[in-house]
Amino acid sequence: MTDPRRLIPRTDVVLAHPAVRDASSGLDPHLVKQTVVSVLAGCRAGQIRPESAITEVLAALPRSASSMRQIINATGVIVHTNLGRSALSEAAVAAVTRAAGTTNVEFDLSTGTRGPRGAEATRALLERIDGAEAVHLVNNGAAALALVSCAMAAGRSVIVARGEMVEIGDGFRIPELVESVGATLREVGTTNRVHLGDYAAAIDETTAFVLKVHPSNFVVSGFTSTVSVNELSTLPVPTVMDVGSGLLAPHPRLPDEPDVSSILRAGAHLVTASGDKLLGGPQCGLIAGRRAAVETVRRHPLARAMRVDKLTLAALEATLRGPQPPTLTALESDPERLWARARSIVADLADVVAAEPVKSEATVGGGAAPTVSIPSAAVALPASLAERLRALDEPVVGRIEHDRLLLDLIAIPCTDDGRLVAAVRAASSSIES
Ligand SMILES: *Cc1c(COP(=O)(O)O)cnc(C)c1O
């Protein structure tokens, strides 16, 4: 009997195999070679049959250099944290592509010398936030609050209402964040009620500021009372508010969601917020408010450790100055229009799968406006399609409701309806085969 190891192909032969070469385009040649070498080692160790070598190599190679795929968000959650929160506008995507090379992020083209970093992104924000004298950008909402707490309250105390001791998600708790930078929390009030007098009584010489946190992902109802920023601003210490969502001005669909401009006008010294929730931009954290306070924060050594990169600055500026970003377009969707799209998609699928247009209730997501449900429309499909739709090269992620798969249209730009139809066709045909 011949030794089966004699059937093991040589490394260069495997590398030259047309299917392997196809699968390797766009990948690091060293990575491809390493994959082949390790599969062939498996063959020699008797763990892989030599005739399966090519198949094993193909299975082991990454599909592309980046594993992040373009997903169609059919969940009905507009800002879906697991799907990367806000989708960038076309203007922002184009800006990111340009900034990805060498760019004038910190360079003045007229003088040919160093310029202020990201000056235009900052200016664009200032133009949009009524009531802000200055803004500073960091990597996310959590970094914004951490930097403010560190720069203003390390070794001092921060007063916060018990009803605003919020956990945002994945174990991230606002009070723990504030304490982690060396500030002491003074809790006031009860779970359901707090009064201005509670805050006033807690103020002493160690107080750095009063922190108000928007309880963005839950509501307390019944016998409750909170103290507004208007009232808090009468206290002899600064007020800082974490508004979370990044809404810059009031929005008619979200009457209970605080916005940065209104909170500053109500008297807050500083506001912190995320850039990738209702602002509709890239992941970043905004610190906006009074000039002196923003300067204190900006000059703290940790500010450098939280500095935003050029891609973020490019995307944010274009989000603010370009056409409306997809998150806001989704939020303002006309339910009649969504219904018409659902019917038309169902008609386009009639020959491949049993689909039905259904009314749906969409949500804002991203931990914002937890009680708001937005009238939407969806295409209902057999639940068995869910997994197949996620397995496509351009995956579609919907939600299961009453044993059916709903593809909610609210967060899908209408220009993607053709792609959605093509995806469902592809997934349905894979059922028959
Ligand atoms: C989302 C949120 C945060 C955290 O912001 P990230 O950008 O996720 O770091 C903090 N506070 C509130 C109130 C939030 O809603």
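Order of appearance sets the numbers: ligands from 1, and atoms from 1 within every ligand.
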Are any side-chain N or O atoms of D416 and backbone N or O atoms of R419, one a donor and one an acceptor, separated by less than 3.5 Å? no

So if I only count non-hydrogen atoms and take anything under 4.0 Å from ligand 1, which residues does that give, chain by chain? R85, N140, G141, A142, I168, F172, I174, H214, S216, D242, G244, S274, K277

Set out, in order, the CA-CA distance, both residues' side-chain angles and the distance that settles salt bridge (charged side-chain N to carboxylate O under 4.0 Å, His left out) for E133 and R290, then state yes or no. CA-CA 5 Å; E133 292 171 358; R290 307 219 179 148; 5.7 Å; no

Do D108 and R114 pass the salt bridge (charged side-chain N to carboxylate O under 4.0 Å, His left out) test, and can you show the C-alpha distance, the side-chain angles, and the key distance before you say yes or no? CA-CA 6 Å; D108 185 333; R114 185 175 193 277; over 6 Å; no

For H214 and E257, run side-chain contact (heavy atoms from CB on, under 4.5 Å): C-alpha distance rounded to whole Å, both residues' side-chain angles, the deciding distance at 0.1 Å, then the answer. CA-CA 8 Å; H214 175 51; E257 200 62 27; 3.3 Å; yes

Looking at D403, I want to see if its CG is surrounded by more than 12 non-hydrogen atoms of other residues, nucleotides or ligands under 6.0 Å. no

List, one per line, each side-chain donor-acceptor pair under 3.5 Å for residues 81-96, sequence neighbours excluded.
from, atom 1, to, atom 2, distance (Å)
T81, OG1, R85, NE, 3.4
R85, NH1, D276, OD1, 3.0
S86, OG, D276, O, 3.0
S86, OG, K277, O, 2.9
S86, OG, T327, OG1, 2.7
S89, OG, A92, N, 3.1

